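Remember, it's a predicted structure, so these values are computed and weren't measured experimentally.
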Amino acid sequence: MPKLFSGIQPTGELHIGNYFGAITNWVELQEKHDTVYCIVDLHAITSDYDPDTLREEALEMATDLIASGIDPEKSILFIQSEVREHVELQWIFNSVTSYGDLTRMTQFKDKSDKRDFVSAGLFDYPVLQAADILLYKASRVPVGEDQVQHVELTRRIARKFNNRYGEFFPEPEPIIGRGARIMSTADPERKMSKSDHDKHAIGLMENEDSIWEKIKSAVTDPGKAQGDEMSPGVANLFTLLELTAPESTVEGFREDHREGNLMYIDLKEAVHENLMAEIRPVQEKKEELMENRSHVEDLLSKGKEKAREIASKNMEQVRQMVGVGPT
RNA sequence: AGGCCCGUAGCUCAAUUGGCAGAGCGCCGGACUCCAAAUCCGAAGGUUGGGGGUUCAAGUCCUCCCGGGCCUGCCA
């Protein structure tokens with residue numbers, strides 16, 4: 001089975017955009033790939049964060065992922081900083097990475113000009129990401145559109161390394177989100193994002209009433225019959241419905257919309273109801289896991305061991321090729 | 001290592017010679033709406049980065065610290 005790597009930052013809670021966009025995809029990919037899923041806390045520290053809660057957040061992210069269907073039996077699930085080879089490989093990669101390439105990363109440019117303090121870590125972020133992927137010699141990387149450039153950089157780094165030191169790393173290919181693009185409920189022109197304010201994002205673990213408030217207040221349009229045309233907000237609600245409701249239900253609402261009879265409040269109720277049906281088992285599973293924290297810690301510890309086994313073996317060879325110790 | 005500039009509400013910024021800490025946007029509540037949006041009404045929001053000092057009175061002046069930006073030097 002092809003080896004696959006993906007990571008997620010532990011900062012902020014999972015929202016349904018993450019869930020339908022990435023996580024459900026991760027769950028499916030487990031079946032036909034050797035999956036390595038990583039909670040990337042070392043990436044999180046490149047921006048503002050709280051050192052007192054980071055570990056707890058990482059643990060909670062693991063809990064959420066397992067509740068969502070990531071199976072520690074099928075996948076290697078672990079916390080990045082627990083495997084020190086990530087950083088070691090990053091340093092070696094720093095030396096085969098073109099400075100010019102890094103300055104062209106659009107995500108860095110976007111992020112850096114919004115902040116007053118720009119850390120060198122933020123700039124070097126894509127190199128750590130390359131190390132994350134290649135440390136496990138992964139050949140597939142599921143990512144969002146915005147990360148494709150980083151995977152391309154990873155390929156360039158792999159190529160450069162292989163040219164200089166000998167064939168070793170695969171050139172990984174991005175698997176570009178088959179997952180849905182869920183838009184903000186408050187501003188349906190924008191993708192639902194952790195970094196936006198509360199009312200933009202619906203938390204995966206949020207309680208039912210609070211989710212209803214957000215769906216009810218989701219932006220729509222002045223209403224009434226526009227044929228097949230759909231405003232972004234309404235389209236977003238239909239996306240959610242498609243993801244959670246039976247086809248016949250969706251078709252019914254579609255017809256109402258075409259005929260101009262659709263009451264958005266009805267659509268919103270249906271979205272809420274079906275969304276909850278999808279999410280509730282995940283929330284229940286999480287509660288169950290939270291009752292026994294040490295079980296999750298245990299699973300993470302096992303994940304760490306599995307990750308280390310691969311990482312240390314690969315790094316041993318890398319060190320030899322590069323000419324550094326420890327030998 | 002030295003010099004210069006900056007730090008005020010969630011965000012962008014005001015505040016006369018030192019004289020009651022404010023506005024816009026956002027957030028929250030309400031009206032309107034099938035639900036929203038827009039609009040209208042209303043409310044909340046602050047240790048002015050922190051400590052010390054001068055003064056009747058400090059966001060404003062002095063001093064130290066923290067944080068951020070820029071310039072120069074040292075090392076060769």
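Checking B:C34, B:G69, B:A36 against every side-chain atom of A:Pro222, the shortest atom distance belongs to B:A36. Closest to the A:Val219 side chain, of the nucleotides B:C34, B:A36, B:G68, is B:A36.
RNA chain B is contacted by both A:Ala186 and A:Thr220; A:Ala186 maps to the nucleotide lying nearer its 5′ end (nearest heavy atom per residue). Projected onto RNA chain B by closest heavy-atom contact, A:Val118 and A:Ala218 fall at different nucleotides, the more 5' of which corresponds to A:Ala218.
Put simply, CZ on A:Phe117 is 17 Å from C1' on B:G49, counting in whole angstrom units. The nearest whole Å value for the distance from the NE2 atom in A:His257 to the C1' atom in B:A36 is 14 Å. When the C1' atom of B:A36 is taken as reference, atom CD of A:Glu269 falls 14 Å away, rounded to whole Å. Rounding to whole angstrom units, CG of residue A:Asp116 and P of B:G7 are separated by 13 Å. In this structure, A:Glu213 atom CD and B:C28 atom C1' are separated by 13 Å, rounded to whole Å. A:Glu189 places its CD atom 14 Å from the C1' atom of B:A36, with the value rounded to the nearest Å. As rounded to whole Å, 14 Å separates atom P of B:U12 from atom CZ of A:Arg115. Atom CG in A:Asp266 sits about 14 Å away from atom C1' in B:A36, given to the nearest Å.
A search for salt bridge (charged side-chain N to carboxylate O under 4.0 Å, His left out) contacts involving A:Glu213 returns nothing, not counting sequence neighbours. Residues passing the salt bridge (charged side-chain N to carboxylate O under 4.0 Å, His left out) test with A:Glu242 are A:Arg254, sequence neighbours excluded. Contacts of A:Asp256 classified as salt bridge (charged side-chain N to carboxylate O under 4.0 Å, His left out), with partners at least two apart in sequence or in another chain: none.
Rounded to whole Å, the C1' atom of B:U63 lies 38 Å from the corresponding atom of B:A76. Comparing the C1' positions of B:U8 and B:A23 gives a spacing of 13 Å, expressed to the nearest Å. Distance check on atom C1': B:G51 versus B:C66 gives 10 Å, rounded to whole Å. Comparing the P positions of B:U60 and B:U17 gives an interatomic distance of 15 Å, to the nearest angstrom. The gap from the P atom of B:C5 to that of B:C64 amounts to 14 Å, rounded to the nearest Å. Between the C1' atoms of B:C28 and B:G19, the separation comes to 34 Å (whole Å). On the P atoms, B:U48 is 16 Å away from B:C61, given to the nearest whole Å. Look at the P atom in both B:C35 and B:G49: the space between them is 45 Å, to the nearest Å.
Sequence neighbours left out, the pairs with a member in residues 314-327 of chain A that pass salt bridge (Lys or Arg N to Asp or Glu O under 4.0 Å) are A:Glu88-A:Arg319. Contacts classified as side chain to side chain donor-acceptor pair (under 3.5 Å) and involving residues 119-132 of chain A (residues at least two apart or in different chains) are given here: A:Gln9-A:Tyr125, A:His43-A:Asp132, A:Gln80-A:Asp132, A:His86-A:Asp132, A:Gln90-A:Asp124, A:Asn94-A:Asp124, A:Gln129-A:Gln147, A:Gln129-A:His150.
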How does RNA chain B read in dot-bracket, base by base from 5' to 3', with Watson-Crick or G-U pairs under 3.5 Å and | used when the partner is on another strand? (((((((..((((.....[..))))..((((.......))))......(((((..]....))))))))))))....
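In this structure, A:Lys216 reaches the B:A36 phosphate: one of its side-chain N or O atoms is under 4.0 Å from OP1 or OP2.
A cation-pi arrangement is present between A:Lys137 and A:Phe168, with the terminal nitrogen or guanidinium carbon under 6.0 Å from the aromatic centre and inside a 45° cone about the axis.
Around atom CD of A:Gln107, more than 12 heavy atoms belonging to other residues, nucleotides or ligands sit under 6.0 Å away.
Of the residues A:Ile23, A:Ile202, A:Leu243, A:Thr185, the one that meets the side chain to side chain contact (heavy atoms under 4.5 Å, CB included) test with A:Ile16 is A:Ile202.
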